[in-house]
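Shown next, in structure tokens, is the structure this report addresses.
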Amino acid sequence: MGKNLRTMTRQEQTAYFKSKDYCEEELKVVINAISYGISADYLLLFEDTTLPAETMENMFTAMKEDYGMEAASFLSTIHKGESGRIILEALKSGIPLQELKEIYREDMIPIDLREKILPLMRGRETIPEKIGEKMEFITEAVKELKESLLRQDGFIEDLRKSMEEKPDIFPAPQKGEEAEAEAGAADDAYYLELEEQFRQAREDAERLLEEREETGKRLRELETENKNLHEQLLLQQSLVSELQAKHIRDAQESQRINDSPILKDCQAVNNCQRMGYRESRREKHSGLLSAFNFPFTRKKPGLMEKLAGELDAGQIAEIRLGIEDGLTEGQLALLADKAMDAEKIRELRMTMKILNERGQGA
């Protein structure tokens with residue numbers, strides 16, 4: 001079937017996988033992979049219909065990032081979605097797949113897997129510094145080689161000009177009897193010395209040409225290595241920047257949650273509840289009965305009128321809760337202000353209750 005799948009069109013591949021026993025989420029991942037243009041060799045990994053949707057999604061990510069067939073196959077064995085995502089994160093940071101295979105165990109929970117991998121990811125952050133040091137060394141070596149080539153070029157050019165300008169001093173080499181006759185006639189010591197110097201210069205020139213060729217080859221190798229290191233440095237710096245940005249986002253999100261006014265309100269309410277639990281049920285009932293025994297019509301003739309006519313149902317409900325909280329008549333009178341809505345009365349009531357519990361109520 002694998003051979004046939006490779007020869008199918010995209011439409012035929014889609015129809016083939018739709019005929020299999022996938023659930024909706026699993027089939028969606030396969031269709032997305034086909035639409036993305038994933039090769040048939042990768043698609044063969046989706047033949048296993050028992051794979052969970054999250055596992056298939058992690059495999060699809062590895063395929064898109066081109067981590068290789070071995071990585072995608074390895075992810076197909078990890079049926080915990082979060083564990084698979086941790087492996088993908090490690091691959092993205094540059095950790096070799098073989099190291100991840102040695103770390104991963106089937107019974108590991110995601111948090112244990114992350115604790116094992118995190119030191120390796122942090123170690124990868126120092127790689128750009130090492131690459132940068134090696135690049136600096138290679139750049140300096142290339143510079144010295146180029147200077148050496150320039151010096152060799154200058155020497156060879158000067159030697160060529162001298163040979164052209166003074167052909168009588170640097171004659172072409174001769175052979176046979178003619179050379180022997182001329183050598184016998186040349187008894188001038190100065191001429192012989194110049195001839196020896198020319199011979200030595202020619203040997204030096206040939207040696208320099210050989211060294212030049214060898215140096216040029218080494219220069220090209222170093223420049224290629226330097227280029228590769230530069231690309232690795234850019235990749236590592238990009239990965240480090242992404243990790244740092246992720247750490248910053250996580251810290252900001254944690255700070256935002258801690259600073260949330262809703263969380264602070266919940267904490268304040270919990271504190272009030274804990275302080276309220278210190279009172280006995282009998283004391284609460286006693287406070288409630290004494291509050292209902294207030295002679296409103298005699299001491300505060302305007303309070304009952306406000307409760308009866310000026311306040312709406314929400315405001316009256318807050319006044320009643322204030323009575324249950326054991327607020328004083330003066331505090332209840334302050335709450336019975338028609339200018340405040342029920343929400344504002346509730347906040348003021350809770351504040352008065354806290355102050356009373358601390359002994360700071362008026």
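The first residue in the sequence is number 1, and the count goes up from there.
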Flag side-chain contact, heavy atom, 4.5 Å: Glu65 against Leu88: no

To the nearest 0.5 Å, what is the distance between CD (Gln13) and CD1 (Ile38)? 11.0 Å

Interatomic spacing from CD1 in Ile111 to NZ in Lys116 - rounded to 0.5 Å: 13.0 Å

Does Phe46 reach the side chain of Met59, with side-chain heavy atoms less than 4.5 Å apart? yes

Heavy-atom nearest pair, Thr55 first then His79, reads OG1-CA, 3.3 Å

Would you kindly say whether Tyr16 and Glu47 are connected by a side-chain donor-acceptor distance under 3.5 Å? yes

Report yes if some heavy atom in the side chain of Ser35 is under 4.5 Å from a heavy atom in the side chain of Ile31; otherwise report no. yes

Tell me which one of Gln11, Glu12, Lys18 satisfies side-chain contact (heavy atoms from CB on, under 4.5 Å) with Thr14. Lys18

Taking atom CG of Leu327 and atom CD1 of Ile319, what is their separation to the nearest 0.5 Å? 8.5 Å

Report the distance from atom CG of Asp325 to atom CZ of Arg320, rounding to the nearest 0.5 Å. 10.5 Å

Minimum heavy-atom separation for Gly326 to Asn356, with atom names? O-ND2, 4.3 Å

Are any non-hydrogen side-chain atoms of Leu75 and Leu45 less than 4.5 angstrom apart? no

For Glu106, is the CD atom crowded, meaning more than 12 foreign heavy atoms sit under 6.0 Å from it? no

Could you tell me whether Glu54 and Lys80 have a side-chain N and a carboxylate O separated by less than 4.0 Å? no

Keeping Glu347 on the side-chain end and Lys344 on the backbone end, is there a donor-acceptor pair under 3.5 Å? no

Salt bridge or not for Glu25 and Lys28, using N-O below 4.0 Å? no

We want to know whether Thr50 and Asp48 form a side-chain donor-acceptor pair, criterion being a heavy-atom distance below 3.5 angstrom. yes

Taking every heavy atom of Ile117 against every heavy atom of Ala90, the minimum-distance pair comes out as CG2-CB, 3.6 Å

Any salt bridge linking Arg349 with Glu318? Criterion: basic side-chain nitrogen under 4.0 Å from a carboxylate oxygen. yes

When you compare the side chains of Glu57 and Asn32, does any donor N or O come within less than 3.5 Å of an acceptor on the partner? no

Hey, any chance Tyr36 and Met63 share a hydrophobic cluster, counting ILVMFWY side chains that come within less than 4.5 Å of each other, even indirectly? yes

Roughly how far, to the nearest 0.5 Å, is OG1 of Thr351 from CZ of Arg346? 9.5 Å

Name the orientation class of the two ring planes belonging to Tyr22 and Phe17 (parallel below 30°, tilted from 30 to 60°, perpendicular beyond 60°). tilted

Pairs under 3.5 angstrom only: tabulate donor-acceptor contacts from the side chains of residues 95-103 to other protein residues two or more places apart or in another chain.
{"from": "Lys101", "atom 1": "NZ", "to": "Glu70", "atom 2": "OE2", "distance (Å)": "2.6"}

Can Glu221 and Glu225 be said to form a side-chain contact (heavy atoms from CB on, under 4.5 Å), step by step? CA-CA 6 Å; Glu221 292 175 353; Glu225 184 177 357; over 6 Å; no

Heavy-atom closest contact (Leu5 atom, Ala40 atom, distance): O-CB, 4.0 Å

Is a side-chain donor or acceptor of Thr224 paired with a backbone partner of Arg220 at a separation under 3.5 angstrom? yes

Would you indicate whether Lys20, at its atom NZ, is surrounded by more than 12 heavy atoms from other residues, nucleotides or ligands within a distance under 6.0 Å? yes

When rounded to the nearest 0.5 Å, the distance separating OG1 of Thr328 from CG of Leu334 is 8.0 Å

So that I can tick it off, tell me whether Arg207 and Glu203 are bridged by a salt bridge, with the cut-off set at under 4.0 angstrom between side-chain N and carboxylate O. no

What closest approach, in Å, do Ile86 and Arg114 show between heavy atoms, and which atom pair accounts for it? CG1-NH2, 3.4 Å

Would Leu321 and Ile354 show up in the same hydrophobic cluster when neighbours are defined by side-chain heavy atoms closer than 4.5 Å? no

Asp21 atom CG, neighbour heavy-atom count above 12 within 6.0 Å: no

Please answer whether the main-chain N or O of Met340 pairs with a side-chain N or O of Gln315 as donor and acceptor at a distance below 3.5 Å. yes

Can you see which heavy atom on Ser83 is nearest to which on Met108, and at what distance? OG-O, 4.4 Å

Are Tyr67 and Lys92 close enough that some pair of their side-chain heavy atoms sits under 4.5 Å apart? yes

When you check the gap from the basic side-chain N to the acidic O, do Glu82 and Arg85 get nearer than 4.0 Å? yes

Are the side chains of Ile87 and Phe74 in contact, using a 4.5 Å heavy-atom criterion? yes

